[in-house]
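Only one structure is covered here, and it is reproduced in the block below.
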Amino acid sequence: MIRTIQAGLLLLIFVTLCTVKSGIAVAEEKAASKDTPAAEFMGVDVCEACHEEISAQMLMNPHGQATDSRTPYAHDGCESCHGAGSVHVDEDGEPGTLLGLRRGSGEPVEQQNAACLQCHRDSSLTNWRASTHESEDLACSSCHAIHTPDAVLERSTQAEFCYQCHPVIRAQAYRAYRHPIREAKTICSDCHNAHGSPGPHELIQLTLNQNCYQCHPEKRGPFLWEHYPVTEDCSLCHRAHGSNHPALLTRQGPQLCQQCHQEIRSQGSQHIRNYFGFEGDPPKRGRFIVGENCMNCHSQVHGSNHPSGTNLLR
Ligand code: HEC
Ligand code: HEC
Ligand code: HEC
Ligand code: HEC
Ligand code: HEC
Ligand code: HEC
Ligand code: HEC
Ligand code: HEC
Ligand code: HEC
Ligand code: HEC
C-alpha cells in the first residue's frame, strides 16, 4: 500500500517537473527573467538613485510610512509592490524586468492585483473576488494611482473618473432631476462598493431599499398602512441616478400609478366621479387626474400612519 503511494507520488513529482520545465521553455524570455530566482531585493536607496522624484513622493504617501509596520516601507520598500528588482537594476531599467503594475506593462492583471491583495484583503475588499470589476479584468491601478493623486479617493473627482467607463451613468446624472452627484454631495461610493458586494449592482447595502433608507430613513416606516411597492423596491417608481421626471420618477402622472392600478385606468375619471359625484352637462372630466395626478389626493404614496389612511389619502 505504502509503496503504491510512494510510486504514485514519485510519478506525480516527475510529471509536475516535466510540465514546469516545458512551461518555462515556452515562456517568453521576458517573463522568465522576471520570475528568475536570481532577482534579489535591493532596497529603497538603490531605486532612489534612478527614480528620485517618485522616491521623494513616496515619503508623503501612506505606503511610504516606515514607522507603520503594515506598510510596504516597513518591509521591502518599492519592491513590496514591484517585486525584487536586482535584474531591473542590472539591466538599467529594461522594460519587463519587474512588475510595472499598470495596463500595458506586460504581466497578467491577476499578478498585478496579487501584489496589492497581499495586504488589502479585508473590510471593503472582502468581496473583490467574484465582483463585477474583478471579473471584467480590472486591475487595482485601473482606478488607483500610487505615484500621482488618486482620483477615486477624492470626492470631487471620483464621478468623472468612473464616467470614463460608465458614460451612460454620466448621462443619467445630468438629467433634469437627479441625485446631487455633480455637486459631489452624493458620490458613487456612497452607494456602491467598487470592490464588490454581496448585494445587487455592487450596492454597499444588501438590498436596494436598504440603500435608500440610509439617507431617506423616513421612508422605511413602519407604516400603519403600507403601500406594497414601496416596501418591496423603490426602483419600481424611482430611478437611482437621475430622471427627466420630477422626484426621479420612472414616469409621470397617472401613468406611473396606472402601470399597476389597471382598474383605475379603465375607470378613468369615473374613479373620482364615484367618490365626488361630479355631474353636469357636459360633465366635468377628472380634472385632478388630467391636470396633475393621483398624488393630489393620494399624497401619502409611501405609506400612511393616519388611522383612516388606508387609501393613502392622508
Ligand atoms: C540604473 C537606473 C535604475 C535603477 C537603479 C532602478 N530603475 Fe527602475 N527604471 C529605470 C529606467 C531607465 C526605467 C524606464 C523609464 C522610466 O519609466 O522611468 C525604469 C522603469 C521602472 C518602472 C516602470 C516599469 C514599467 O514596466 O512600467 C518601475 C516600476 C521601476 N523602474 C521600479 C524600480 C524599482 C522598484 C527600483 C529599485 C529596486 C528601480 N526601478 C531601480 C532605471 C532604474
Ligand atoms: C503600494 C505599491 C507601490 C509602491 C510601494 C511603489 N509603487 Fe511604483 N507603482 C505602483 C503602481 C500601482 C504603479 C502603476 C500605476 C501608477 O502609475 O500609479 C506604479 C508605477 C511605477 C512606475 C512607472 C510610473 C510611470 O508613470 O511610468 C515607476 C517608475 C515606479 N512605480 C517606481 C517606484 C519606485 C521607485 C518606488 C519606491 C520609491 C515605488 N514605485 C513604490 C505601485 C507602487
Ligand atoms: C505591504 C502592504 C501593502 C501593499 C503591498 C499595498 N498596500 Fe495599500 N496600504 C497599505 C497600508 C498599511 C495602508 C494605510 C492604511 C491605513 O492607513 O489604514 C494602505 C493604504 C492604501 C490606500 C488608501 C490610501 C489613502 O490615501 O488613504 C489605497 C487606495 C491603497 N493602499 C491601494 C493599494 C494598491 C492599489 C496596492 C497595490 C499596487 C497596494 N495598496 C499595496 C499597505 C499596503
Ligand atoms: C472600479 C474602481 C476601483 C478598483 C478597480 C479598485 N478600487 Fe479600491 N477604491 C475605489 C474607490 C471608489 C474607493 C473609495 C471608497 C470609499 O471612499 O468608500 C476605493 C478605496 C480603496 C482603499 C481605501 C479604503 C478602503 O475602502 O479600504 C483601498 C485600500 C483600496 N481601494 C484598494 C484596492 C485594491 C487593492 C484594489 C485591487 C484589488 C482596488 N482597490 C481596486 C475604487 C476602486
Ligand atoms: C444614491 C445612490 C447611488 C449613487 C450616488 C450612484 N448609484 Fe449607481 N446605482 C444605484 C442603484 C440603486 C442602482 C441599481 C438600480 C438601477 O439600475 O437603477 C445603480 C446601478 C448602477 C449601475 C448598473 C446600471 C445598470 O443598468 O446595470 C452602474 C454601472 C452604476 N450604478 C454606476 C454608478 C456610478 C459610476 C456612480 C457615480 C457617478 C453611481 N452609480 C452613483 C445607486 C446609486
Ligand atoms: C476601466 C473601466 C471601469 C472603471 C474605471 C469603472 N468601471 Fe464600473 N464597470 C466596468 C465594467 C466593464 C462593468 C461591467 C459592465 C457594465 O455593467 O457596464 C462595470 C460594472 C459596474 C457596476 C455594475 C455592477 C452590476 O452588477 O450591475 C457598477 C455599480 C460600477 N461598475 C461602478 C463603478 C464605479 C463606482 C466606478 C468608479 C469608482 C467604476 N465602476 C469604474 C468598468 C469600469
Ligand atoms: C448617500 C445618501 C443618499 C442615498 C443612499 C440615497 N439618496 Fe436620495 N437623495 C439624497 C440627497 C442628498 C438628495 C437631495 C436632497 C435635496 O436636494 O434636498 C436626494 C434626493 C432624492 C430624491 C428627490 C427629492 C426631491 O425632492 O426631488 C428622491 C426621489 C430620492 N433621493 C430617492 C432615493 C432613492 C430611491 C434612493 C435609493 C435608490 C436614494 N434616494 C438613495 C441622498 C441619498
Ligand atoms: C409607487 C411608487 C413609488 C415608490 C415605490 C416609491 N416612491 Fe418615492 N415618490 C413617489 C412619488 C409619486 C413621489 C413624488 C411625491 C409628490 O410629488 O408629492 C415620490 C417622492 C419621493 C421623495 C421626495 C419627496 C419626499 O417625499 O421626500 C423621496 C426622497 C422618495 N420618494 C424616496 C423613496 C424611497 C426611499 C422609496 C423606497 C423605500 C420610494 N420613494 C418608493 C412614488 C414612489
Ligand atoms: C408596482 C406596482 C404599483 C405601483 C406603480 C403603484 N401601486 Fe398602488 N398599490 C399596489 C399594490 C400591490 C397595492 C395593494 C393592493 C391591495 O391591497 O389589493 C396598492 C395599493 C394602493 C392603494 C390602496 C391602498 C390599499 O392598501 O388598498 C392606493 C390608494 C394606491 N395603491 C395608490 C397608488 C398611487 C397613487 C400610485 C402612483 C403614485 C400607485 N399606487 C402606484 C401597487 C402599485
Ligand atoms: C380627487 C381625489 C382622487 C384622485 C385624483 C384619485 N383618487 Fe384614488 N381614491 C380617492 C378616494 C377618496 C378613495 C377612497 C374611496 C373609498 O374609500 O371608497 C380612492 C381610492 C383609491 C384606491 C383604492 C380603492 C380601489 O378602487 O382600488 C386606489 C388603488 C386608487 N384610489 C388609485 C388612484 C389612482 C391610481 C389615481 C390616479 C389615476 C387616483 N386614485 C386618483 C380619491 C382620489
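In this chain, numbering begins with 1 at the start of the sequence shown. Order of appearance sets the numbers: ligands from 1, and atoms from 1 within every ligand.
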Assess the side chains of Ser308 and His306: does a donor N or O sit below 3.5 Å from an acceptor N or O?
yes
Is Glu183 salt-bridged to Arg155, cutoff N-O under 4.0 Å?
no
Candidates Arg102, Gln57, His51; heavy atom nearest atom 27 (O) of ligand 2 found on Arg102
Show the atoms of ligand 8 that are less than 4.0 angstrom away from any heavy atom in His227.
1 (C)
Any protein heavy atom nearer than 4.0 Å to atom 9 (N) of ligand 5
yes
Counting heavy atoms only, name the option from Leu101, Asp45, Ile54 that's nearest to atom 24 (C) of ligand 2.
Ile54
Considering only non-hydrogen protein atoms, determine which one is nearest to atom 18 (O) of ligand 2 and report residue, atom name and distance to 0.1 Å.
Ile146 N, 3.2 Å
Which label fits His302 and His238: parallel for a plane angle under 30°, tilted from 30 to 60°, or perpendicular past 60°?
parallel
Give the minimum heavy-atom separation between Lys219 and Phe223, together with the two atoms involved.
O-CE1, 3.6 Å
Nearest 0.5 Å, please: how far is NE2 in His63 from SG in Cys119?
7.5 Å
Please say whether Gly77 places an N or O atom under 3.5 Å from an N or O atom belonging to ligand 2.
no
For atom 37 (C) of ligand 5, which candidate among Cys188, Pro200, Cys215, Pro167 holds the nearest heavy atom?
Cys188
Applying side chain to side chain contact (heavy atoms under 4.5 Å, CB included), run through Leu203 and Cys191 and close with a yes or a no.
CA-CA 6 Å; Leu203 289 171; Cys191 298; 4.3 Å; yes
Side chain to side chain contact (heavy atoms under 4.5 Å, CB included) evaluation trace for Leu101 with His82
CA-CA 7 Å; Leu101 297 175; His82 288 291; 3.6 Å; yes
So is Asp190 touching ligand 5 or not, going by heavy atoms under 4.0 Å?
no
Sub-3.5 Å N/O-N/O distance, His179 and ligand 5:
no
Of all protein heavy atoms, the one nearest atom 29 (C) of ligand 8 is His216 ND1, 3.5 Å
Consider every N or O of His144 and every N or O of ligand 2, then say whether any pair is closer than 3.5 Å.
no
Within a distance under 4.0 Å of any heavy atom of Tyr73, pick out the atoms of ligand 2 and give their elements.
37 (C), 38 (C)
When you measure from atom 8 (Fe) of ligand 2 to the N, O or S atoms of Cys78, does any of those distances fall below 2.8 Å?
no
For Arg239, is the nearest heavy atom under 4.0 Å from an atom of ligand 5?
no
Checking side-chain polar atoms at under 3.5 Å, does Gln65 have a donor or acceptor matched by the opposite partner on Thr71?
no
Arg175 atom CZ, over 12 foreign heavy atoms within 6.0 Å
yes
Backbone, side chain, both or neither: what part of Glu48 comes under 4.0 angstrom of ligand 2, heavy atoms only?
neither
Ligand-residue contact atoms, ligand 2 with His63, heavy atoms, under 4.0 Å:
1 (C)
Which protein N, O or S atoms lie under 2.8 Å from atom 8 (Fe) of ligand 8?
His238 NE2, His302 NE2
Can you name the atoms of ligand 2, numbered from 1 with element, that are less than 4.0 Å from a heavy atom of Met58?
4 (C), 5 (C), 38 (C)
Which one holds for His192 and ligand 5: side chain close, backbone close, both close, or neither close, with close meaning a heavy atom under 4.0 Å?
side chain
With rounding to the nearest 0.5 Å, note down the distance linking SG in Cys234 to CG in Asn211.
8.5 Å
Look only at interatomic distance and state if His241 has a nitrogen or oxygen under 3.5 Å from any nitrogen or oxygen of ligand 5.
yes
Of all N/O/S atoms in His147, the name of the one nearest atom 8 (Fe) of ligand 2
NE2
Taking everything shown except Arg129 itself, do over 12 heavy atoms lie less than 6.0 Å from its CZ?
no
Atoms of ligand 8 close to Cys212 [distance to a heavy atom under 4.0 angstrom, numbered from 1]:
35 (C)
Closest to atom 43 (C) of ligand 2 among protein heavy atoms sits His82 NE2, 3.5 Å
Measure the distance from atom 12 (C) of ligand 8 to every protein heavy atom, then report the residue, atom name and distance (to 0.1 Å) of the closest one.
Met295 CE, 3.4 Å
Under 4.0 Å, heavy-atom basis, I'd like to know which part of Ile187 is in contact with ligand 5: side chain, backbone, both or neither.
backbone
Under 30°, 30 to 60°, or over 60°: which ring-plane class applies to His144 and His195, parallel, tilted or perpendicular?
tilted
Which atoms of ligand 2 sit under 4.0 Å from any heavy atom of Gly100?
13 (C), 14 (C)
Kindly compute the distance separating NE2 (His192) from CD1 (Ile187), expressed to the nearest 0.5 Å.
11.5 Å
For ligand 8, which atoms sit closer than 4.0 Å to a heavy atom of Pro229?
5 (C)
So, 2.8 Å as the limit: is an N/O/S atom of Cys81 located closer than that to atom 8 (Fe) of ligand 2?
no
I'd like to know if the side chain of Gln57 pairs up with that of Ser55 as donor and acceptor (distance under 3.5 Å, no hydrogens or angles considered).
no
Does Gly64 reach ligand 2, in the sense of a heavy atom lying below 4.0 Å from it?
no
Is there at least one protein heavy-atom neighbour under 4.0 Å from atom 16 (C) of ligand 8?
no
Side-chain donor-acceptor pair under 3.5 Å between Glu202 and Ser131, yes or no?
no
Could you tell me the separation between the OG atom of Ser243 and the CG atom of Leu248, rounded to the nearest 0.5 Å?
6.0 Å
